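What follows is a set of notes on a single structure, which appears directly below.
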Amino acid sequence: QVQLVESGGGLVQPGGSLRLSCAASERLYSIDAMGWYRQAPGKQRELVARIFSDSTMDYGNFVKGRFTISRDNAKNTQYLQMNSLKPEDTAVYYCNLVKFGLNYWGNGTLVTVSS
């Protein structure tokens, strides 16, 4: 099965920046989409950003303009650059991949935004 491993989370002050990485265990072919979701305590999982096979990007309502998703096919890795972080961004961030209609998930990396 495809293995996804996130990294780059940690503690950051409001207004700061972080870059998350997600490395896949194998070269990916015929993927439908790849991106990031997050889940805060007591809240439902929500979309952060994703990119489809046709290169169309889709951002969550509250992150567009501050976050940028990118992918390096040669390294089999996707990234999430997060700027102007707010306390409301505190959550576990999960890497997600959809291939042949099946969802694959990483174990998540914790982002804490606090002064």
Side-chain angles (χ1 to χ4, degrees):
Q1 294 183 343
V2 176
Q3 302 290 326
L4 303 172
V5 181
E6 304 95 337
S7 62
L11 176 64
V12 63
Q13 295 184 6
S17 299
L18 285 174
R19 189 180 76 159
L20 306 183
S21 299
C22 173
S25 61
E26 61 185 62
R27 185 66 183 270
L28 303 175
Y29 299 95
S30 300
I31 60 172
D32 298 319
M34 191 171 184
W36 297 89
Y37 291 75
R38 71 185 187 186
Q39 188 165 23
K43 295 186 177 181
Q44 295 182 339
R45 181 180 60 191
E46 64 179 350
L47 171 70
V48 178
R50 60 184 171 181
I51 183 168
F52 296 93
S53 59
D54 63 356
S55 298
T56 300
M57 291 183 289
D58 186 20
Y59 288 89
N61 292 332
F62 304 105
V63 300
K64 187 174 182 179
R66 298 187 296 123
F67 298 177
T68 303
I69 188 172
S70 62
R71 175 175 169 82
D72 188 334
N73 289 330
K75 296 182 178 180
N76 206 19
T77 302
Q78 72 166 348
Y79 306 93
L80 181 69
Q81 178 66 47
M82 304 187 294
N83 300 322
S84 302
L85 285 163
K86 305 175 181 179
E88 306 92 89
D89 295 319
T90 296
V92 177
Y93 286 70
Y94 296 94
C95 182
N96 169 256
L97 183 147
V98 184
K99 184 177 182 179
F100 301 128
L102 299 177
N103 278 279
Y104 298 88
W105 297 92
N107 289 325
T109 184
L110 177 63
V111 173
T112 302
V113 185
S114 176
S115 60

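Given the structure is predicted, the values throughout are model-derived calculations rather than measurements.
- Here ring-ring contact (aromatic ring centres under 6.0 Å, His included) pairs that include residues 41-87, with residues two or more places apart or in two chains, number zero.
- Between the OG1 atom of T68 and the CG atom of L80 there is a distance of 8.0 Å, given to the nearest 0.5 Å.
- For the atom pair CG of L110 and CD of E6, the computed distance is 11.5 Å after rounding to the nearest 0.5 Å.
- Note on M82 and V48: same hydrophobic cluster, where clusters join Ile, Leu, Val, Met, Phe, Trp and Tyr whose side-chain heavy atoms are under 4.5 Å apart, directly or indirectly.
- The nearest pair of heavy atoms linking M34 to L97 is SD-CD1, 4.0 Å.
- Under the 4.5 Å side-chain contact rule for hydrophobic residues, V63 and V111 share a cluster.
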Atom pairs and distances, donor-acceptor, side-chain atoms in residues 10-24, under 3.5 Å, two or more places apart:
unit_1: S17; atom_1: OG; unit_2: N83; atom_2: OD1; d: 2.9

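- Rounding to the nearest 0.5 angstrom, the gap separating the CD atom in Q3 from the SG atom in C95 is 11.5 Å.
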Can you give the donor-acceptor pairs under 3.5 Å from side chains of residues 102-109 to other protein atoms, not counting sequence neighbours?
unit_1: N103; atom_1: OD1; unit_2: N96; atom_2: ND2; d: 3.1
unit_1: T109; atom_1: OG1; unit_2: G9; atom_2: N; d: 3.2

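- To the nearest 0.5 Å, the span separating OG on S53 from NZ on K99 amounts to 13.0 Å.
- Closest approach of D89 to R66, counting heavy atoms only: OD2-NH1, 2.8 Å.
- With sequence neighbours left out, D32 forms a salt bridge (Lys or Arg N to Asp or Glu O under 4.0 Å) with no residue at all.
- Counting heavy atoms from C-beta outward, N76 and R71 have side chains that approach closer than 4.5 Å.
- Hydrophobic clustering of Ile, Leu, Val, Met, Phe, Trp and Tyr side chains at less than 4.5 Å, counting indirect connections, unites V92 with Y37.
- V5 belongs to no multi-residue hydrophobic cluster, having no ILVMFWY side-chain contact under 4.5 Å with any other such residue.
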Report, one line per pair, each donor and acceptor closer than 3.5 Å where one atom sits in a side chain of residues 40-47; sequence neighbours left out.
unit_1: E46; atom_1: OE2; unit_2: R38; atom_2: NE; d: 2.7
unit_1: E46; atom_1: OE2; unit_2: R38; atom_2: NH2; d: 3.1

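- Taking hydrophobic clusters as Ile, Leu, Val, Met, Phe, Trp and Tyr residues chained together by side-chain heavy-atom distances below 4.5 Å, I69 shares a cluster with Y93.
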